[in-house]
K.L.:
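If you scroll down you'll find the structure; I have some questions about it.
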Amino acid sequence: MSVRVRFAPSPTGYLHIGSARSALFNYLYARKVGGKFLLRIEDTDLARSTEESTRSILDGMEWLGLDHDEEIIFQSDNADKHRVTAKKLLAEGKAYRDFTPKAAPTDASVKDAIKDRARANQGEKNMRDNPYRNLSAQESDTRATAGEAFAIRLLVAENGNTCFHDSVYGVQERDYAETEDLVLLRSDGHPLYNLAVVCDDIEMQITHVIRGQDHLTNTHKQILIYEALGVTPPTFAHLPLIMAPGKGKLSKRKHGEIVSLTTYRDAGFVPAAFRNFLALLGWSAGEEKEIYSLDELIEKFSFDGIHRSNAIFNFKENDPRHWTDDKALWMNAEYIRTMPLAELLPMVKAELKAAKLWREEYDQESIALSADIPSTALLGADGRPETVALENRQIGSHSWYIHTVDLIRSRFFTLKDFSSQGRAYFSEDFDFDPAAVAKNLGKFPELREWLPVLADRFASEFSESSPPYEGGVAEGRGGSLPYTEENIETVIKAFTEEKGSKLGVIMNGARTLLTGVAVGPSMLSVFEVIGLERTLMRLRSQVAWNTVIET
RNA sequence: GUCCGGUUCGUCUAGGGGUUAGGACACCGCCCUUUCACGGCGGCAACACGGGUUCAAAUCCCGUACCGGAUACCA
């Protein structure tokens, strides 16, 4: 029988990164063995389920590139079948009616109530002491016919145990005495989770159930249902949990957006990078290697590589530099600076569009490049993402945009950086980072006089500049030197010497005026990419200087 | 309480009787750019504790501690 796995989230909020990882592992396993990866929305909790969150889950999976097979199953559509199954078990004497009035819901901290009750029982509770357990079929029928409300509970045997081999946790045994006669059907006719899951998994012909370790005890209950139904249970593989720093639960309530997959999409993560990061949380191929393409993950995936211990998703609240797991951030930066340009370009385009920095002429250039680079060439021979060598791609002088993206990506952590840190490359309307201004301009007041002079020097030395931007003033082409890195270096060095200053001071001052920020690629490339005319304007501009805080 | 898991650098992890306990991130330093970064090199830093078994234990066994999960007419 071919493998069929499923991801079965309940649509009661956005896609949690823990769920996303479960989905990923299901996906990887299915793709590895050539099986089917199915999706089932467990929307039986009508009160909490929303269409919006179903949408969000679907979006999240699409973003991660986890395409599912076959039609999406909505569990609520199967409620009738679940009821039929419960009644069948009742008729067969494998379940019984419980006429105990439904307990008043303790809305205040349900978990604590359960805990308290369990503690009160001191572990001595007899799971078989339900008074209706041994009611005669006749009396049970009579009371039911009379209209008395009842729940249907599974009749769990007195002696014995449930046992299964978990692909991750090994042999799991549980004495029947530890398992109550679980409710299959609520007194209002609503099928409960364990019954619904088993029925659906049977109907969907699921062969492997891969889910969070928090379901380990549910598995024993579900096996009892499988046995009552006379169906062989699927193989189970439980995954370790993803915890918050301090080993606490990683919850929406306590940690907010950090646990939502969409946060990473919106924060400028490259899907492949986040997927890569997620795969390495609780799983390892046993190699000294961090970067894995999707194909490699599929190829290397195995249950043996999954841990039994929980992993901590490490982040520091209130620390912008470490707002999420450092490794995730690093991995994203790694992808941004090393992935094939042809794959990065569309993401940068989307980002620039969103920031209203996009220009149509950039597109012509992207297309020319994409055609030249097979998008399947994800990884180089050494297993690392391949960097595209622009020189070899016959990028003409018109490819300013692509050249610029390739240049500035080496210092970026997220796609957002292209429109924030990198804004000055694409627009005249950019801000100056106060820290950069203070460090590189504020400390060197002489630059206020010098940099415009440097601009004059440039104007008289250089001859040509043709970047695609608007608002440039066609002036000062008195010189004959082409505006290239080599020539810029010569001119600046001479200027620095003349002033008896240090190159670093001039360079960093210019960097701040030209880009608004303190970090970036080699300054010589920055001059070139910004172009002569914009360089002149920005070196002469007083805007940044006016933001220097006088001390 | 009971049941079930777990415990290797701060974090993700490799290793599963003999290793200088390896890698990655983070952090720190040096080098490279008469510049910030990127990059290169290096540093700091771990086998929870106690008993056993053994010539030899991070590794196997037992116990303790701590952490997590589960214990619903929730999913």
K.L.:
Considering just the side-chain nitrogens and oxygens of Arg186(A), establish if one lies under 4.0 Å of OP1 or OP2 belonging to C74(B).
P.N.:
yes
K.L.:
Do His322(A) and Asp326(A) have a side chain donor and acceptor closer than 3.5 Å?
P.N.:
yes
K.L.:
Have a look at Met331(A) and say if it touches a base, only the backbone sugar-phosphate, or nothing, with a 4.0 Å heavy-atom cut-off.
P.N.:
nothing
K.L.:
Check this for me, if you would: do Glu287(A) and Lys300(A) make a salt bridge, where the nitrogen-to-carboxylate-oxygen distance has to be below 4.0 angstrom?
P.N.:
yes
K.L.:
For A57(B) and G50(B), measure between their P atoms and round to the nearest Å.
P.N.:
14 Å
K.L.:
Tell me the interatomic distance from Lys316(A), atom NZ, to A26(B), atom P, rounded to whole angstroms.
P.N.:
11 Å
K.L.:
Using a heavy-atom cut-off of 4.0 Å across all strands, would you classify His220(A) as base, sugar-phosphate, or nothing?
P.N.:
nothing
K.L.:
Assign each of Ser10(A) and Leu216(A) to its nearest nucleotide of RNA chain B by heavy atoms, then name whichever residue's nucleotide is nearer the 5' end.
P.N.:
Leu216(A)
K.L.:
So if I take every side-chain heavy atom of Glu489(A) and compare against A75(B), U34(B), U35(B), which nucleotide ends up nearest?
P.N.:
U34(B)
K.L.:
Let's test this: given Watson-Crick or G-U wobble pairing with both distances under 3.5 Å, identify the partner of U71(B).
P.N.:
G1(B)
K.L.:
Knowing that exactly one of Gln172(A), Glu173(A), His220(A) qualifies, which makes a side-chain hydrogen bond (donor to acceptor under 3.5 Å, both in side chains) with Asn161(A)?
P.N.:
Glu173(A)
K.L.:
With Asp181(A) as reference, evaluate Lys221(A), Arg153(A), Arg128(A) under the salt bridge (Lys or Arg N to Asp or Glu O under 4.0 Å) test and give the passing residue.
P.N.:
Arg128(A)
K.L.:
Determine the Euclidean distance between corresponding P atoms of G15(B) and U8(B); express it in Å to zero decimal places.
P.N.:
14 Å
K.L.:
If we call it a pair only when both distances are under 3.5 Å in a Watson-Crick or G-U wobble match, what pairs with C66(B)?
P.N.:
G6(B)
K.L.:
Can you pull every protein N or O that's under 3.5 Å from an N or O on nucleotides 60-65 of chain B?
P.N.:
none

K.L.:
Between C60(B) and G5(B), how many Å separate the two P atoms, rounded to a whole number?
P.N.:
16 Å
K.L.:
Taking only Lys NZ, Arg NE, NH1 and NH2, and the carboxylate oxygens of Asp or Glu, determine whether Lys327(A) and Glu290(A) approach each other closer than 4.0 Å.
P.N.:
yes
K.L.:
Looking across every strand, which nucleic acid part, if any, lies under 4.0 Å from Asn508(A) by heavy atom: base, sugar-phosphate, or nothing?
P.N.:
base
K.L.:
For a quick check, with a 4.0 angstrom heavy-atom cut-off, what is the B/S/- contact string for nucleotides 11-18 of chain B, read 5' to 3'?
P.N.:
SBSS----
K.L.:
Tell me what Thr12(A) touches on the nucleic acid: a base, only sugar-phosphate, or nothing, going by heavy atoms under 4.0 Å.
P.N.:
nothing
K.L.:
Establish, yes or no, whether the cationic atom of Arg143(A) lies under 6.0 Å from the six-membered ring centre of Phe99(A) and within 45° of the ring axis.
P.N.:
yes
K.L.:
Could you state the CG-P distance from Asn194(A) to U71(B), rounded to the nearest angstrom?
P.N.:
9 Å
K.L.:
Under 4.0 Å, counting only non-hydrogen atoms across every strand here, what does Asn218(A) touch: a base, just sugar-phosphate, or nothing?
P.N.:
base
K.L.:
Where along residues 510-523 of chain A does a heavy atom come under 4.0 Å from RNA chain B, residue by residue in number order?
P.N.:
Arg511(A), Ala518(A), Val519(A), Gly520(A), Pro521(A), Ser522(A), Met523(A)
K.L.:
Using atom P of each nucleotide, how far apart are C36(B) and G17(B) to the nearest Å?
P.N.:
50 Å
K.L.:
May I ask which nucleotide in the shown strands pairs with G17(B), Watson-Crick or G-U wobble, both distances under 3.5 Å?
P.N.:
none
K.L.:
Taking atom P in both A48(B) and U59(B), what distance in whole Å separates the two?
P.N.:
8 Å
K.L.:
Which of these nucleotides, C25(B), A75(B), C73(B), is closest to any side-chain atom of Arg48(A)?
P.N.:
A75(B)
K.L.:
Could you run down the sub-3.5 Å N/O contacts of the protein with nucleotides 38-41 of chain B?
P.N.:
unit_1: G39(B); atom_1: OP1; unit_2: Arg337(A); atom_2: NH2; d: 3.4

K.L.:
With heavy atoms under 4.0 Å as the rule, sort Tyr193(A) into base, sugar-phosphate or nothing.
P.N.:
base
K.L.:
Ignoring hydrogens and geometry beyond distance, is the side chain of Thr217(A) in donor-acceptor contact with the base of C4(B) at under 3.5 Å?
P.N.:
no
K.L.:
Where the side chain of Asp45(A) is defined as all heavy atoms beyond and including C-beta, which of A75(B), C73(B), G5(B) is the nearest nucleotide?
P.N.:
A75(B)
K.L.:
Tell me: CG of Leu250(A) to P of G68(B), nearest whole Å?
P.N.:
14 Å
K.L.:
Whom does C32(B) pair with, Watson-Crick or G-U wobble, provided both distances fall under 3.5 Å?
P.N.:
none
K.L.:
When the C1' atoms of A26(B) and C9(B) are considered, how many whole Å apart are they?
P.N.:
12 Å
K.L.:
Taking 4.0 angstrom as the limit, do Glu498(A) and Arg457(A) come out as a salt bridge?
P.N.:
yes
K.L.:
Counting only Watson-Crick or G-U wobble pairs whose two distances fall under 3.5 Å, which nucleotide matches C38(B)?
P.N.:
none
K.L.:
Starting at NZ of Lys443(A) and ending at P of C36(B), how long is that distance when rounded to a whole Å?
P.N.:
13 Å
K.L.:
Any strand is fair game: report the nucleotide pairing with A24(B) by Watson-Crick or G-U wobble, both distances under 3.5 Å, or none.
P.N.:
U11(B)
K.L.:
Could you tell me whether Leu241(A) contacts a base, only the sugar-phosphate backbone, or nothing, with contacts defined as non-hydrogen atoms closer than 4.0 Å?
P.N.:
sugar-phosphate
K.L.:
Is there any ring-ring contact (aromatic ring centres under 6.0 Å, His included) pair reaching into residues 490-512 of chain A, and which pairs are they, with sequence neighbours excluded?
P.N.:
none
K.L.:
What integer number of Å spans the C1' atoms of C27(B) and U11(B)?
P.N.:
12 Å
K.L.:
Taking the minimum atom-to-atom distance to the side chain of Glu178(A), which one of G5(B), U2(B), C73(B) wins?
P.N.:
U2(B)
K.L.:
Under 3.5 Å, is there a donor on one side chain and an acceptor on the other for Arg211(A) and Thr219(A)?
P.N.:
yes
K.L.:
State whether a side-chain donor-acceptor pair under 3.5 Å links Tyr264(A) with Asn332(A).
P.N.:
no
K.L.:
For C25(B) versus U64(B), give the span between their P atoms, rounded off to a whole number of Å.
P.N.:
41 Å
K.L.:
Find the partner of A57(B): check Watson-Crick (N1-N3 plus N6-O4 or O6-N4) and G-U wobble (N1-O2, O6-N3) distances, both under 3.5 Å, and reply none if neither fits.
P.N.:
none
K.L.:
Please tabulate, one pair per line, each protein N/O and nucleotide N/O from nucleotides 27-31 of chain B that are separated by under 3.5 Å, including the distance.
P.N.:
unit_1: C27(B); atom_1: OP1; unit_2: Arg321(A); atom_2: NE; d: 3.4
unit_1: C27(B); atom_1: OP1; unit_2: Arg321(A); atom_2: NH2; d: 3.1

